[in-house]
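Source: prediction; values computed, not measured.
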Amino acid sequence: MITALLAQAWQAPTIDWHAIAPELVLVAGINLVLFIDLWLDESKKWAMATLSGMVLLGAFVPVVTLAVVGGDVRDAIFDGRYMIDEYALVLKGLFLLVGYVVVLMSQTELEEGGYYQGEFYVLLLVSVLGMVMMASSRDLLSVFVALELLSIPAYMMAAWRKRDPKSNEAGVKYYLLGVFASGVLLYGMSLLYGTTGTTKLTEIGAALAIGDPSVMQVLAVVLVITGFAFKISAVPFHTWAPDTYQGAPTPVTAFLSVASKAAGFTALLTVLYLGLYGATGVHEPYIWVLAALTMTIGNVVALRQTNIVRMLAYSSVSQGGFILMPLAVMATDAAESALRAVVIYLLIYAFSNLGAFCVIMAVARKTRSGEISSFGGLMGYAPGLGVLMTVFLASLAGIPPLGIWIAKLQSFRALIDAGSTAAYALAVIAAVNTVIAAAYYMRVLRQIWMAPAPDGDTSPVVVPPPIRLALAITAGGTVVLGILPGLVLRFADLPDLTGALGF
Amino acid sequence: MQTLTNDNWLLTVGTFLPLVGVALMMFVPASDERAHKQIGIVTSAATLAVGIWTLLRFDFDQSEKLQFFVDSEWITVIHSNYTIGLDGISLPLYVLSMAVTLLVMIYTWDNMPDAGNPKSFIMLMLVLQVGMAGSFIAQDLILFFVFFEVVLLPMYFMIGVWGGEDRQYASLKFFLYTMFGSALMLVAFLALFFQTGAESFSFHHLAEAGALIDRDVQVWIFAGMFIGFAVKVPMFPFHTWLPDAHTQAPTQGSVILAAILLKLGTYGFVRIAIPMLPQGAKAWAPVIGILAVIGIIYGALGCLAQTDMKRLIAFSSVAHMGFVMLGISTLTEFGINAALFGMVAHGLITGMLFFLAGSVKHRYHTLEINRLSGMLIQMPRLGWILGFAAMASLGLPGLAGFWGEFPAILSAYNPNFGLDVTLYRTLMVIAALGTVLAAAYLLWLYQRTAFGRPNPEFAGTHSVGAAAADDHHGADIHDVTPIEWIAWTPFLIAIVVFGVYPQLMFGVMDPAVTALVERVGAGIP
């Protein structure tokens, strides 16, 4: 009787194994790494990094094949709550690549610091898994689960330097504010569910698009955006970022400032474009204010920093403002340009920002300092690193023909495409901010090119092979994408996600 | 648009050839300074050879058409293409940029700035050359913007690393001013793109479609471009970066800055802002004219107050660029021709003056006008060249400077398209007074530095003597060296040739300018 009932009620869904292969490879890899770590001798722990790197590259393979095969396998699975479309694939590729570069960066840091290597990589892989899932999530529940899956390991990774009080502070701050943000987000989501009766984003979108949103719904939209604003460290919810970035080990900082931020933006994009777009009057002005504040305050505070990591932390806050900027016009004709601008920005920003952190790591191995002044005379004793840092920072400043210029151009384009007065005003604010940003990036370059070495120590810098590889990947990406942006702009044609909207 | 697509490889090769030199230099160790200087000279000589070949292949009878035209896909998603071409307006500037780079390279052989490290210095100069040449051939707004920005970083480092005492302040100021201008310029470019219906960023398309935009919108977009280009020119009141940058830059940097970089701004007005936004241009023309004349007078008065020779030359740039902008603001064929001529002439003459200032500094270790005197006695040849360049700069008929200034002033008598005649005639009179002031400050400079007895402070330093040991230790007063002769003679010859036979350049530019003004006229109801 019971068996018959069960057989009737529960039907195994047909699962497209190819479509979820990247996640499966990651899950298998995580278990493998965890298992091997248990049995591996302490002296051989270095192998864990290599293994984790291979897991990430292994997960990259199905992403590529899915992109090549296209069409039929990209159908919605799990009732359209988990999508494998081009948008998801591009971002999955980004997260896996960033994960790989972070593994390369972590290798020497962990080996030399004698930290818990196996556990670190497991957590890193779990976090990347969360991000990869985030790219496909099209339901409030899976968005939230993915968000927690990527955040919780990151809290621990931030505190990885166990005996360093600063690292502990970093972890605790990140954790407390992260949990608070999750709470806010969850509250917003529960209100959305309560007022629309569904957790599927497209259905929420359809429900919100009818008539004016109720007070509850307005509150829900504001709370959901606020929750993500913490994740992407938008002002005024950015206060955790500088302390966490400064205290965490450098590879973790790089990971947080690129991958975790990109995941937050991915979630925001999905939720906005599929669910909340109807509530124009609510999210449009809110995001406008967030973007303007984020880029301006991030920049102005960055001007005053003397520690390079802290400066890059604020710079990444302000870059977040630039990424957020086109979303302020997402409910207009410029919706498609805005989406493209955000995705392009995330892709290219990842290369330049990771690259800058790689150089910082390489230099800090010699100078043992995080002060901007410790970069003095770098051109003299390590011209290669000096030129690379110039490339990365100039890219972050948005100078053509280096990477981010095209992303900035796309952001401006979206705003001007929208053409409203508010959009133009934001464009002018952004233009002024570009100049402020240039001022502090140039300050670092000034040290590198023009100042003498602080203590007269001009012995060469030894760059370990993994970091060399990481530098090659990031520098290559920054330069090539700047000169031939067509390579990634193609990916950003996202008919699937926007198609759902009927644009 | 009529274009000639013969030899379409020429411009690409000519523009990017310097990068080959940069790639080579990466593999030569920094300690081998001679090799780097050789590579620099050979690369820029090869680049100029391509430039001269371009000059020979250029069809001068059709200089109003874009020649060597290429239009291939670049960033298709945003409708931006790799569109390049050369016509009578850009040809002189394109070749000038190549010639100046080579001569500066040659000058570097003997005159490396104190900070050393020729490897980076020469690499930066070659990258700079790519940006400059590229800006003059670009026929697509985004492509132009990219090249326009490429020059920014190399120049920043040239000033900041190899410059004088206040180099860091000066370089940052240069950078931020330009960055500010270009950010607003970019917003203006995009606004133009979307207002015209967003089909293509090509100059040709925008020049046709831009004229159809509402007048008020044109005025706003023009304002954005105006700030971008006016900072680069630089026009009063955006000029304050210039004296600092020029004074602090190494000689090579000053020469390139004066000869080419400033022209990017004026070129932008002629090539982009005015033809694409005819009504905006008409609305802004009186403002440009007034600011230009303020620049002329202000620059001249500034010159009279300077005590440093290099700073004086820098202020004279502000005044000279004022004449150029006055010519442009009349929107007449005559005025724009004069402006384009003035751009090249100013490049040659002021470039020469900066070379001289560099050499004087090298010998006396000071540029304080009060301490310099009697150069004609101590270094007769250098003294004569300084006199020659000063005469050319003040606009002596028969030398190149005259053909930039005089027609520009004259063109203000009859501005085009119903611009306010009274205003322009007033401007004309004031600008004419500016030439008198120019004569005053240049002759006064020459009198103080070249005439009279040599300052006893430097009197005994021909030979190695005890006097050489104190504050100006190492001062070695000698006349023009062979390397300097090689680097300078082409400038001197060009100044005379263009002065005696200006038709050489007017002939090339005029058909293109006529076509341009016609197009502007068609866009103004």
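In terms of non-hydrogen atom pairs under 4.5 Å with chain A, the most contact-rich of B:Asn117, B:Leu184, B:Leu153 is B:Leu153. When B:Glu149, B:Lys119, B:Met26, B:Gln168 are compared by the number of non-hydrogen pairs under 4.5 Å with chain A, B:Gln168 comes out ahead. By number of non-hydrogen pairs under 4.5 angstrom with chain B, the leading residue of A:Val432, A:Leu409, A:Leu402, A:Thr434 is A:Leu409.
Between B:Trp241 and the choices B:Phe174, B:Tyr156, B:Phe180, B:Tyr169, the ring-ring contact (aromatic ring centres under 6.0 Å, His included) rule is met once, by B:Phe174.
Only the side chain of A:Trp405 comes within contact range of chain B, judged by heavy atoms closer than 4.5 Å. Proximity to chain A (any heavy atom under 4.5 Å) is restricted, for B:Ser171, to the side chain, taken from C-beta onward. Heavy-atom distances place no part of A:Ile436 under 4.5 Å from chain B, backbone and side chain included.
Counted by atom type alone, A:Ser459 and A:Lys366 present one or more donor-acceptor pairs between their side chains at under 3.5 Å. Side-chain contact annotation: A:Trp449 with B:Ser120, donor-acceptor N/O pair under 3.5 Å absent.
Using the six-membered ring where Trp is involved, A:Tyr349 and A:Tyr345 have ring planes that are tilted, between 30° and 60° apart.
Aromatic ring centres of B:Phe136 and B:Tyr267: separated by under 6.0 Å.
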